[in-house]
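What follows is a single structure, written as structure tokens, with notes after it.
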2 protein chains.
Amino acid sequence: MDLPLYEKIANQIEQQIQEGIFLPGVKIPSVRKSSKQLEVSVATVLQAYSLLEDRGVIKARPQKGYFVQENRLKLSTELPLETVKQEQSVHALLHKLLHVSQDENIVQFGAAIPKSHFLPIRQLQRSVGRLMRLEPEICAEYEFTPGSLALRRQIAIRMLDSGCQLQPNDITITLGCQNALMLALQAVTKAGDTIAIESPAYHGVLQAIEVLKLNAIEITCSTVTGLDLDQLEMANQQQDIKACIVTPNNQNPTGATLSHQARQRLIKQSNDHDFIIIEDDVYGELSYQDKRERALKADDVYNRVIYTSSFSKSIAPGFRIGWIIGGRFQAPIEHLAYVQSLAIPTLTQTAIANFLENGAYDRHLRKTRATYQENLARCQEQIKAHFPEGTHTSTPKGGFLLWVSLPTDIDTMKLHAQALEKNIGILPGLAFSLHNQFGHHFRLNYALNWDYNTDIALKELGKLCYQQVSKN
Amino acid sequence: MDLPLYEKIANQIEQQIQEGIFLPGVKIPSVRKSSKQLEVSVATVLQAYSLLEDRGVIKARPQKGYFVQENRLKLSTELPLETVKQEQSVHALLHKLLHVSQDENIVQFGAAIPKSHFLPIRQLQRSVGRLMRLEPEICAEYEFTPGSLALRRQIAIRMLDSGCQLQPNDITITLGCQNALMLALQAVTKAGDTIAIESPAYHGVLQAIEVLKLNAIEITCSTVTGLDLDQLEMANQQQDIKACIVTPNNQNPTGATLSHQARQRLIKQSNDHDFIIIEDDVYGELSYQDKRERALKADDVYNRVIYTSSFSKSIAPGFRIGWIIGGRFQAPIEHLAYVQSLAIPTLTQTAIANFLENGAYDRHLRKTRATYQENLARCQEQIKAHFPEGTHTSTPKGGFLLWVSLPTDIDTMKLHAQALEKNIGILPGLAFSLHNQFGHHFRLNYALNWDYNTDIALKELGKLCYQQVSKN
């Protein structure tokens, strides 16, 4: 962390080159452009480029600029191929994406954030307003970990629908589902441990893995059947896997939901091979069918499942209210959550508890899910009509995310850049793996107010895809 | 974590014995009592006690109960004396204390939480109410890390008073100061590293150290001059210290404020010995003098200071809004904060930004500080009048915490238990160290509405102290 700035920049560029972002022979951004992009002085960029020349990574051509060396080994680091990461680029990508995720001028197919139209804003407004009128002391009072009892009670009631019989004390309130996943990983693993994850996986999991210095084995997650349990079995036979992060319902980004048999097998496997299942059920309540799918936690006969979820996808993203059911790890998880921040805000916890108590949530969910299903149909229709042959989409049974697979010669990083110029956001497939894969996939958020402009934007995306096909 | 329950309980009790909570020859709680306290079956406690008998730690005496073996070595673990911890008991203590910290029937000398009377509740009420009326979409929108720009701007402006010239981009919003301290420690250290801390120290720091598996060297912090820099110098000569956590202004619990010379010396030491200063300035704005003391960060010539603070002590504890200025660690800290939870709630951030913008904060602070100073005087007066000879109190120049040193034969754990029976909360000195020290100290929160009952409660505490003196 204490490297001089120019060396950090040099390392970053070298990594991008190793990851194939800049291929051999390709021109890298000019000194002036890099200086602007990275917000550092021209002198610093020159220093960085000169260091890269010294390392034999790039070569200056007079009057032309800097180019990636043609004859370099593809991977010159000591890392084995499997663990080469592309953090820098994916982080930069996600950062950019989130940065523009509230820009009204951009069609927000990118981030997995529902438009406020799909959230019970009016009810929350009333709930917060009433709280502030009647109990303004709520600003002063702590709701120490594990969090508001009223809220935990409501969660326990709601979770009956997922097949889980819980007491409020089984639940710890967290700062959204990301925070719950982090706490679960921290409780179960230490740096250097290996965990299994879905591939493609939610990008927040990939970032957690990196921050916690874990090793990850990516297990194929199909759009139809979800996690490949044969692969997981094999991985477990070969390595000591501490935990497996699974999204059994409406997986992000594939939309897959595990079958009953797969769930049984997964739970048995966790016991046979002594690993912990970290269940991410953040899309569980958004199933299109009348009755939501069960949680894995509901069939947790071996007490090996840690359940995580949040209200960020269905009530209030900005409130950051999630929860975790730690099972055998409940005590250490609760303690970790406490030491992390003592408490999370009282106001947001209480407002959601009040909203759940007044019973409007189920009505809200029914309406929202119906619209998502309509949007999905329209979306698939448009893609069928306007995208090149060889394009496939997932068939989610819930949630609001579509996984699109394009013909293999289409580069969705490029597509993303071109689309953003036309004020269309998408999330390229590269963001969903630690390896250099899903380069011709992207994820599409359809929790939007679907209108003429949305249709046009999808058509536009299709056109950009055709352009890439014809060029190749 | 997967030990059988009875073994865990046995280990816990053994640790308590090693820490001197139960001395050799002393009777430990009966099986029935432990079963109730620990909420486990009598059978499990019997199993635990039987295991401890096998280990030679305790001995059963027929009809009398279980006693700590007289002839055991004082410390039978492989841990050196310095790192023996007393987590279990202190955690239990703090847990209990926080649990009752909102009980209206208890005189809250214990937790460092100002009564709502000292917080700008009305203004926050208006601020939240207005936000909900005008911008209800705030429930939906994320304020991704580093957090609300408006809030960071206000913080940068306020920090001019502490001598710091900052840009909003130097600041990351956190979930209170505890969260900021955790992020700082995570960025600077890894498990097994050694850091220096004040002794006595804020208990949240002690818990963070334990969770992050760090080693801590406790450096004496006097009530008058604060951190002992000779000791720190010596520690640095003997060990590789990665960071030192310092509260330069109105330290918790001693109330000490570092002199100008001490600050200069500390900063020079950090450079000479290559360690990072983690500054906890959460009481910095509560100095009784007109102009607040400078932050260490203001004189951070070597870029070695990470600054942490929050509004929990002066605006809204329940909102959990803190911040961190990472200096050379800004990028990794911001990334860590992002991966921890993506964002912290938009509503609470924006409400505080609005409150700061309307300029009422300084007026509020002036009034509050004046009352704290009055309460302090009254508090010291009462203690002088009603406590045994040999009682000493600190002389804080800001904040709302008093550190009370009683005659050495008074046990403040016992005092705490007796006081709580009379609905008086205090925080015993044991909570402020990883070692078994400050057993005759306690901390007293005077951010209370001082009235007749508060006076009576202090008198009562004094009486309990006298009882212990006369018994000894």
Rounded distance (nearest 0.5 Å) linking atom CD of A:E39 with atom CG of B:N169
8.0 Å
Pick from B:A191, B:A316, B:P136: which one has the most heavy-atom pairs with chain A under 4.5 Å?
B:P136
Please determine, among B:I344, B:L124, B:L342, B:L347, the option with the most heavy-atom pairs under 4.5 Å with chain A.
B:L342
Which region of B:R126, side chain (C-beta onward) or backbone (N, CA, C, O), has a non-hydrogen atom less than 4.5 Å from a non-hydrogen atom of chain A, or is it both or neither?
neither
Specify the closest pair of heavy atoms between A:A140 and B:P317, including all atoms of both residues, with the distance to one decimal.
O-CB, 3.2 Å
So which of A:A208, A:A351, A:A343 has the largest heavy-atom pair count under 4.5 angstrom toward chain B?
A:A343
Selection from B:L175, B:T346, B:L119, B:I113 maximising heavy-atom pairs under 4.5 Å formed with chain A
B:L175
Checking heavy atoms, do the side chain of B:M182, its backbone, both or neither come under 4.5 Å from chain A?
side chain
Spell out, as yes or no, whether a donor-acceptor pair under 3.5 Å connects the side chain of B:Q340 to the backbone of A:N179.
no
At a 4.5 Å cut-off on heavy atoms, which part of B:F144 comes close to chain A: side chain, backbone, both, or neither?
side chain
Counting only heavy atoms closer than 4.5 Å, note whether B:Q125 contacts chain A via side chain, backbone, both or neither.
both
Checking B:Q186 against chain A: side chain, backbone, both or neither under 4.5 Å from a heavy atom?
side chain
Any idea which heavy atoms bring A:Q178 and B:V339 closest together, and the distance?
NE2-O, 2.9 Å
Would you mind checking which part of B:T348 comes under 4.5 Å of any heavy atom in chain A, side chain (CB onward), backbone (N, CA, C, O), both or neither?
side chain
If every non-hydrogen atom of B:P345 is compared with every non-hydrogen atom of A:F319, which pair is closest and at what distance?
CG-O, 3.5 Å
With a 4.5 angstrom heavy-atom cut-off, could you sort out which part of B:V211 is near chain A: side chain, backbone, both or neither?
side chain
